[in-house]
Amino acid sequence: MALTREQLAQRVAKELRDGYYVNLGIGIPTLVANYVPEGMDVMLQSENGLLGMGEFPTEETVDPDLINAGKQTVTAATGASYFSSADSFVMIRGGHVDLTVLGAFEVDQNGNIASWMIPGKLVKGMGGAMDLVASAQNIVVTMTHANKKGESKLLKECTLPLTGAGCIKKVVSDLAYLEIHDGKFHLVERAPGVSVEEIIAKTEGELVVPDHVPEMTF
Amino acid sequence: MALTREQLAQRVAKELRDGYYVNLGIGIPTLVANYVPEGMDVMLQSENGLLGMGEFPTEETVDPDLINAGKQTVTAATGASYFSSADSFVMIRGGHVDLTVLGAFEVDQNGNIASWMIPGKLVKGMGGAMDLVASAQNIVVTMTHANKKGESKLLKECTLPLTGAGCIKKVVSDLAYLEIHDGKFHLVERAPGVSVEEIIAKTEGELVVPDHVPEMTF
Amino acid sequence: MGGFNKVVSNYDEALEGLTDNMTVMVGGFGLCGIPEGLIGKMKTMGIHGLTCISNNAGVDGFGLGLLLEDKQIKKMIASYVGENALFEKQLLSGELEVELTPQGTLAEKMRAGGAGIPAFFTPTGYGTPIAEGKETREYNGKMYVLEESLTADFALVKAWKADTMGNLIFRKTAMNFNPMAATAGKITVVEVEEIVEPGELDPNHIHTPGIYVNRVIKGTFEKRIEQLTLTK
Amino acid sequence: MGGFNKVVSNYDEALEGLTDNMTVMVGGFGLCGIPEGLIGKMKTMGIHGLTCISNNAGVDGFGLGLLLEDKQIKKMIASYVGENALFEKQLLSGELEVELTPQGTLAEKMRAGGAGIPAFFTPTGYGTPIAEGKETREYNGKMYVLEESLTADFALVKAWKADTMGNLIFRKTAMNFNPMAATAGKITVVEVEEIVEPGELDPNHIHTPGIYVNRVIKGTFEKRIEQLTLTK
C-alpha cells in the first residue's frame with residue numbers, strides 16, 4: 001500500500017536526530033513535527049524569522065505577530081529566538097540548518113528538483129525554497145512517486161523549471177525511500193506491501209535495485 | 001598664525017549641522033566633539049559598534065565593555081544603541097553617516113588620501129579608515145598643511161599608498177580651509193593672520209585662489 | 001534632541017515627497033508586520049506607477065492588495081504572490097509586471113542595498129530560471145550566481161516601538177523584512193504601535209538604530225491574520 | 001533539552017579538536033569582548049601554526065598577544081595590529097605573516113562566511129594597495145572591489161549571557177566582531193559571564209541564536225582596559 005500523508009511524515013521523521021535544527025516546508029513536511037521520536041529534541045526553523053517554532057496557539061494565546069513561513073499562527077518553543085528574514089537566510093544559506101524537508105513536483109537522477117513552477121499555470125513564486133535547496137547539506141524530499149495518471153515524478157531529467165540543481169540526495173515517496181548518487185536513484189526501502197516491481201515501473205529515472213529491499217519501519 | 005589643534009577642531013565643528021550622525025577619527029577629529037555649537041545635537045558613531053557616544057566616564061562609571069574605536073573608555077549618550085561591527089559598517093558603507101572627520105598624511109588635488117601607511121615604517125593597519133573614506137558623502141580631512149620640514153602635504157599626487165581614491169572634497173588644515181573639485185584645490189578661507197602667499201607656498205597641488213580669501217571665524 | 005526628533009503627526013507628513021513612478025520598499029511577511037496606515041495612505045494619495053519591493057503583495061482588500069484595486073502598482077519585486085486574485089488578474093492581463101526573487105536573495109539584496117554592497121554571489125537559484133542572464137562563478141567547487149542589491153526611494157517599515165529619535169524595536173516574527181527595508185530607503189518612514197522617549201529603549205536591544213530612520217508615525221493596526229491555525 | 005545542551009565544564013572539552021595549523025576566528029575589538037579563557041587555553045595547549053582572524057592582535061602579555069610569546073601564530077588577518085611590540089618584532093623578522101584587511105571589509109567577510117556568500121563587492125579599498133590583484137567593477141558610476149568571505153575551523157566568541165542551548169546576548173560594545181565570528185566557525189565555542197536556563201533570555205532580544213553555537217563555557221574575565229580615559 002502506498003503511504004498516507006501521515007505515514008510519509010512518519011518515515012521522514014526517522015531522519016531526525018537529537019539536537020537537529022530543522023526546516024520543514026509547507027504541506028506534508030509540516031506534519032513531520034508530529035512524529036519527533038520520544039526523548040528526542042529538535043528545533044524547528046521558520047524562514048520568516050523564527051528558530052524554535054512551537055505548537056499552534058489556542059484562541060487565548062494566538063498572536064498575529066507570531067506566524068510561520070506558511071503564514072499560520074504558531075507559538076514559540078522554550079529557547080526560541082526571533083530575527084530578521086536576512087538573518088534567517090544567514091542560517092539557511094550558511095548551511096547551519098541540519099535537515100530540510102520539502103515537497104517537489106519532480107526530482108531527477110542527478111539530484112535536480114522542480115517544485116515551484118508549472119509553465120502555463122500561474123506562477124506564485126518560489127518563496128524560500130530555492131535558498132533552502134541550494135544551501136542545505138541534508139535535504140529530504142517527500143512526494144508522491146507518480147502523478148494521478150500514474151506517470152513517474154522520479155525522472156531521468158526534470159521537465160519543469162528547476163528549483164535547484166544537483167542538490168537532492170534523499171527522497172521519501174509514498175512507495176519508497178530512495179537515495180540519489182552517481183547519477184542514479186538507489187532503492188533503499190519500500191513501503192509496506194509495495195512490490196519492487198511497482199517501484200521499478202513507476203520510476204522513469206535510472207534505478208539501482210539491490211538484491212534485498214527491506215520494508216520501511218516507522 | 002597656524003591653527004592649534006583645538007582651533008582645527010573648532011573650525012571643523014562649523015561643518016556640523018543639527019541632527020547629524022558623525023564619525024570622528026582618532027586624534028584631532030576626536031576633539032571636534034568638544035565644540036558642538038550651542039543648541040545643536042549630533043550623534044557620534046564609533047565604528048566598533050556604538051551610535052551615540054557620550055563623554056568619558058568617571059572612575060565610578062567606567063566600564064571595560066564600553067569603548068570607542070580608539071579603544072578609549074567612553075559612555076553612551078541618551079538614545080544610544082549598540083550593534084555588531086558588521087552592522088556598524090552597514091551604516092558607514094551604506095552612506096548613512098552624515099559627516100566623517102579624519103586625519104591624513106597627504107591629500108591630493110584629485111581627492112586622493114593617504115593616511116595609513118608609510119613604506120619602510122611599520123604598518124599598523126588601516127582599521128576602519130578605508131571603509132570610512134570609500135563610503136561617506138561628506139568627509140572633512142583635518143591635517144597640518146605641511147610637514148615639519150615645511151614640505152607640502154597638499155599635493156598634485158599622493159606619494160604614499162592611498163587610503164581612498166577620489167573621495168576627499170574638504171580639507172581643514174592649520175593654514176586654510178580648502179575644497180577639492182575639478183582636479184584642483186580651491187582656497188576658501190585662511191587661518192587668522194595667515195597670508196595667502198604662505199598658503200600658496202605650502203601647497204604643492206594646483207591651487208585656485210579667489211580675489212578675496214576671508215579669514216576663518218569660529 | 002531637536003535635530004533628532006523624527007516624529008510626524010499625520011500621514012501627509014509621513015509620506016511627503018512620495019510621488020508617481022517611485023520605488024517603494026515595504027516591510028512585512030504576508031500580512032504580518034506591515035505598515036498598514038502607510039499603505040492605506042498610499043492608496044488615498046492615488047499615486048501610480050509604483051515599483052513595490054516586498055516579500056508578498058498582500059491579499060485582496062488588505063495590505064499591498066489595496067493598491068492593486070486602482071492599479072497603482074506597475075511592478076512587483078517579491079518572492080511569493082499567490083494570495084491574491086486581483087494580482088493574478090492584472091498579471092495575466094499584462095497590467096502588472098512581476099520580478100520573482102527567492103526569499104533569501106530578496107532579503108540579502110535589501111540588506112546589501114542598505115549596506116553599500118552593490119552585488120554579491122549566492123548559491124540560490126543556480127541552474128534555475130532565476131540565474132538566466134546572470135553571471136555565475138565557482139568557489140570551492142560550488143556554483144554561485146551574482147545578484148545585485150536593491151534600494152528604494154521610500155522604505156515603509158512597521159515596528160513595535162520607536163523612541164522619538166527613530167530607534168526601533170520589532171516584535172516576534174513581525175520583524176521579518178522590516179530591518180533591511182529600514183536601511184535601504186532614501187527616505188525611511190516607520191509606523192509604530194508606541195512612541196517612547198529617548199533612553200526608554202535598552203541600547204543593548206535596539207534592533208534598528210535611528211540613523212536609518214527619517215520619520216516616525218504612530219499608527220493603529222488591525223493586524224489581520226492570514227491563516228488562523230489553532231491547536232485542536 | 002538533551003540534544004541542545006551545549007554547556008561544557010572545562011576548557012579541554014571547549015577546545016577539543018583544535019590542533020596545529022588550524023584557522024581560528026576570534027571575537028573582540030582591542031581587549032574588549034575577547035574570550036580570555038579560550039585564548040589562555042590555546043596558549044597552554046601549545047598549538048602552533050595558527051592562522052588567526054581577529055580585528056586586532058591583543059597587546060604584549062594579554063589577549064592574542066599571549067600566543068605570540070611562543071610564536072603560536074603563523075598568520076594574522078586583522079585590520080589593526082599596532083599595539084604590540086612582540087608582534088612588530090615577529091613581523092619584521094618574517095616569523096609572522098599579516099594580511100591587513102579594512103575593518104568593515106573584515107566584518108563583512110566574516111558575516112559573508114557565515115551566511116554562505118562566497119564573495120561580495122565593496123567600495124572599500126578601491127585604488128589602494130588593498131585592491132591589488134583583485135577584481136574591480138563599476139556599479140552606478142562608482143568603483144568596487146570583489147572581496148571573498150572568511151570562515152574558520154574554530155570560532156572563539158565572548159558573550160555576556162548564554163542559555164544552555166547556546167542562545168547569546170552580548171553587552172554594549174563587547175559585541176563587536178563576536179556575532180559574525182559565531183556564524184563563521186565550523187565549531188563555535190562561546191565563553192560567557194553567565195549561563196542561564198532556556199527561556200530566561202527574551203526571544204525578541206537574542207543577538208545570536210543557538211544554531212550557530214556548538215559549545216558554551218562559563219569563564220572568568222579580567223576585562224583589562226587598553227586606554228583608560230576619564231572625564232577630568
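Throughout, protein chains are lettered first and strands after them, A, B, ... in sequence-line order, and every chain is numbered starting at 1. Treat the numbers as computed from the prediction; the structure is a model and nothing was measured.
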Legend entry - Check against salt bridge (charged side-chain N to carboxylate O under 4.0 Å, His left out), C:Glu193 and C:Lys223: CA-CA 11 Å; C:Glu193 298 181 44; C:Lys223 295 196 185 179; 2.9 Å; yes
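- Proximity to chain A (any heavy atom under 4.5 Å) is shown, for C:Glu222, by neither the backbone nor the side chain.
- Using a 4.5 Å cut-off between heavy atoms, C:Leu106 does not touch chain A at all.
- Residue C:Lys142 touches chain A through its side chain alone, counting heavy-atom pairs closer than 4.5 Å.
- Of the two parts of A:Phe89, only the side chain, counted from C-beta on, holds a non-hydrogen atom closer than 4.5 Å to a non-hydrogen atom of chain C.
- Put simply, the side chain of C:Phe170 reaches to within 4.5 Å of the side chain of C:Pro179, judged on heavy atoms.
- Annotation: cation-pi geometry satisfied between C:Arg224 and C:Phe62 (NZ/CZ under 6.0 angstrom from ring centroid, within 45° of ring axis).
- Interface check for chain A: of the options C:Leu91, C:Asn178, C:Ile130, the most heavy-atom pairs under 4.5 Å are formed by C:Ile130.
- For residues 110-119 of chain A, a heavy-atom distance under 4.5 Å to chain C picks out A:Trp116, given by residue number.
- Near-neighbour residues of residues 144-169 of chain A relative to chain C, defined by a heavy atom under 4.5 Å from a heavy atom of that chain, comprise A:Pro161, A:Leu162, A:Thr163, A:Gly164, A:Ala165.
- Judged by a 6.0 Å distance limit and a 45° cone about the ring axis, A:Arg11 is positioned over the six-membered ring of A:Tyr177.
- For chain C, no part of A:Ile92 is nearby; none of its heavy atoms comes within less than 4.5 Å.
- The candidate with the highest count of non-hydrogen atom pairs below 4.5 Å against chain A, out of C:Pro123, C:Pro102, C:Pro129, is C:Pro102.
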